[in-house]
Number of protein chains: 2
Amino acid sequence: MKYDRALAIEKATQLFWKLGFQATKMRDLQEELDMRPGSIYAAFGNKEALFKICLLNYAEQSRLALDKYAGLNSNPIRAIYDFIKNMAVKAEEGKINNCFLVKSISELDGNNAHLRQYAQDGLKEVELGFEALFLEAQEKGLIKQESNPARLAKWMQIQVMGLRSYSNSQDNASDVGIMLDEIFNSLKQAHQPALSE
Amino acid sequence: MKYDRALAIEKATQLFWKLGFQATKMRDLQEELDMRPGSIYAAFGNKEALFKICLLNYAEQSRLALDKYAGLNSNPIRAIYDFIKNMAVKAEEGKINNCFLVKSISELDGNNAHLRQYAQDGLKEVELGFEALFLEAQEKGLIKQESNPARLAKWMQIQVMGLRSYSNSQDNASDVGIMLDEIFNSLKQAHQPALSE
DNA sequence: TTGTAGCTTGAACAAATGTTCAAATCTAGT
DNA sequence: ACTAGATTTGAACATTTGTTCAAGCTACAA
C-alpha cells in the first residue's frame, strides 16, 4: 500500500515533537509511520532530512494559521490573540506545551547548527507576522502611534515563549488561559490610545 | 591522582547544559573530566545518576545565589533584579542562554519523568524565593497591597523564561539587558504604590 | 620494606541505532 | 497474461554507546 506522505510527516512531527530529535529512534518512527526502514529512507532521505521536513512543515503551518486568523478578524490584535489561544495555549489532554520550534532550538544548541537555523527562521517568520498585524492595528488606531510594532512583536514572542515554557515546567498548568488574558490586558493598558473606546 | 569531586561536577554540568542529557556521551564526559570510565562509575554511579547530581547541584547553587543577592540588597525587588541580571542575562562570550533546569525539562518531556521532577522542583524553589522577596517588598511598601506575591513570582518566572528562550532563539541577543529593564519598569508601573517616592 | 585497602585504568562486551540493499511485491500499460 | 518500472520489505551491517571488571597503581600504617 502506498503511504500517505502528508500523514507520515504529520505523525513523524508528533513523535519528534514529543521526544525530541535525539530521543526519537528510527525504530520508533518505523512503528509510528508503519513503514519499513527502506521505505522511509527512499521517501525522506535519512533521519536528519525527515526532521528538517517536519520543522519546515510545522513552521509553514504556523504561518498559515496566523494568516488564517488574520483573515477571520477585522481586529488584528484579536487575530493574534486567537492564534495564540488556539495554537499555543490549548491545554488539551496529552497536548505538548512547548513550541516544536523552540524545543528544537533548545535541543540543537551546540550541535546541528544546520537544523537549528530552520527553526530559528520559522520563529522569525511568525514574529514578522505579529509585526505586520501590530502595524495594521496601529494604522487602525488600536495601538498608540508612539508604540513600535517590531518591538511589540518581539515582546509578544517573549510572552508566549515564557507562558509555554512555564506551563511546561509545572504539571499544574491550569490557569494558562487566564495568564494569556492578563498579557493582553497589560498590552492594552500600555499601548492602547487613551481615548479609544 | 585523586579527582576533585566539586570540579568534576562543575565540568559535567557545563557539558550536560550545553549538549543536553541525550547528546552528552559518556566518552565526552570521560574526556572533559579527564577520568576513565571506571572512575566515573565508581564516583557517580552511572550517566543518569551523574546527571541527577548535576541538576540538584545547579538548583542548589541557584537558590543560594538568590539568597546571596537578597542579603546584599535591602530592597527585595533590587535583589531579584540583580539575581536575574547576573544569573540569566549574562551575555558573555560562549555563554549558554537557556536555564539548565528549563532546558532539561524540555528535553526530558515524555521520557525520564524521574529526572524531570528534580528540575521542576528546582524551579519551584526559585519561584518560592521570588515570592518571599515580593512579600517582603509588599511589607516594606514597595509593592501595592492588592498585589499578590505568589502571582508576581509566577509572572516573574514567565518573564525570565521568555527572555532567555527568546535570546536563545535569536543569534542576535544584543538588547536582552534592555528588555529586562523594560520588564522591571512594567512591574513598577503596575504594582508600585501610586504615592511611593 | 611489606601489606593492604582503596582508587584508577582501559580493554572488552552486549545492546542499541542509523543505514543499506538484494530480493519480493505491487502497479499499470499493452 | 505479460512485462518493465517503481515501491516495499526486512534481514544484515558497521558504528556508537553505556557499562563492567580484572589487573595495575598509590599511599600509608606496621
Side-chain angles (χ1 to χ4, degrees), chain A residues 1-57 104 107-116 118, chain B residues 1-57 103-104 107-116 118-119:
Chain A
M1 185 203 334
K2 197 154 184 304
Y3 75 106
D4 179 338
R5 188 176 173 87
L7 182 61
I9 291 173
E10 176 61 31
K11 283 179 174 174
T13 301
Q14 289 297 322
L15 209 55
F16 277 133
W17 194 352
K18 189 169 77 177
L19 301 177
F21 175 66
Q22 312 251 11
T24 303
K25 309 304 179 187
M26 286 307 290
R27 280 162 182 77
D28 298 329
L29 287 165
Q30 288 160 31
E31 194 174 353
E32 181 74 18
L33 307 190
D34 193 24
M35 290 170 74
R36 260 36 65 197
S39 295
I40 296 181
Y41 280 83
F44 302 109
N46 58 17
K47 187 185 174 185
E48 191 175 314
L50 175 54
F51 187 75
K52 172 182 161 183
I53 290 168
C54 291
L55 272 184
L56 290 177
N57 182 254
S104 297
E107 181 188 356
L108 300 176
D109 245 13
N111 276 340
N112 297 83
H114 162 251
L115 286 176
R116 199 171 183 266
Y118 293 108
Chain B
M1 186 200 337
K2 199 156 185 298
Y3 74 107
D4 178 339
R5 187 176 174 87
L7 183 61
I9 292 173
E10 177 61 31
K11 283 180 175 174
T13 302
Q14 289 297 324
L15 209 56
F16 277 133
W17 195 351
K18 188 169 81 180
L19 301 177
F21 175 65
Q22 312 252 9
T24 302
K25 310 304 180 185
M26 285 308 288
R27 280 161 183 77
D28 298 330
L29 287 165
Q30 287 160 31
E31 195 174 355
E32 180 75 17
L33 307 189
D34 192 24
M35 289 171 74
R36 263 33 67 198
S39 295
I40 296 181
Y41 279 84
F44 302 110
N46 58 16
K47 186 185 174 186
E48 193 175 312
L50 176 53
F51 187 76
K52 173 182 161 183
I53 289 170
C54 291
L55 273 184
L56 291 176
N57 182 253
K103 177 167 178 170
S104 298
E107 181 188 353
L108 300 176
D109 247 12
N111 275 340
N112 296 84
H114 162 251
L115 287 176
R116 199 171 182 266
Y118 294 107

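Because only heavy atoms are used, hydrogens play no part in the values below, and waters and symmetry mates are left out as well, while side chains stay in. In the text below, chain A, chain B and the rest are named by the order of the sequence lines, each starting its count at 1. This structure is a prediction, so every number in the text was calculated from the model and none was measured.
Taking atom CZ on B:R5 and atom C1' on C:dC7, their separation rounds to 14 Å, with Å as the unit. The CZ atom of B:F44 sits 16 Å away from the P atom of D:dG18 (whole-angstrom rounding). Atom CZ of B:R36 and atom C1' of D:dT19 are 16 Å apart (whole Å). Atom-to-atom, CD of B:E31 to P of C:dG10 comes out at 14 Å; the value is rounded to the nearest Å. Taking atom CG of residue B:L50 and atom P of nucleotide D:dG18, one finds them 12 Å apart after rounding to whole Å. In this entry the distance linking CD1 of A:I40 with P of C:dC21 reads 17 Å, nearest Å. In this structure, the CG atom of A:D34 is 11 Å from the P atom of D:dT8, given to the nearest Å. We find that CE of A:M35 is positioned 10 Å from C1' of D:dT7, with the value rounded to whole Å.
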Derivation and outcome, side chain to side chain contact (heavy atoms under 4.5 Å, CB included), residues B:K25 and B:L19: CA-CA 9 Å; B:K25 310 304 180 185; B:L19 301 177; over 6 Å; no
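Pairing each heavy atom of B:E107 with each of B:F21, the nearest pair is OE1-N, 2.9 Å. Nearest heavy-atom pair, B:L108 versus B:R116, reported as atom, atom and distance to 0.1 Å: O-CD, 3.7 Å.
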Protein proximity profile, nucleotides 11-18 of chain C - base contact B, sugar-phosphate-only contact S, no contact -, cut-off 4.0 Å on heavy atoms: BB----BB
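Within the structure, a side-chain polar atom (N or O) of A:S39 is placed less than 4.0 Å from OP1 or OP2 of D:dT9.
Checked against B:K52 for a side chain to side chain contact (heavy atoms under 4.5 Å, CB included), the options B:L55, B:L50, B:L56 give a single hit: B:L56.
Within the model, atoms CD of A:E10 and OG1 of A:T13 stand 6.0 Å from one another, a figure rounded to the nearest 0.5 Å.
Residues passing the side-chain hydrogen bond (donor to acceptor under 3.5 Å, both in side chains) test with A:R36 are A:D34, sequence neighbours excluded.
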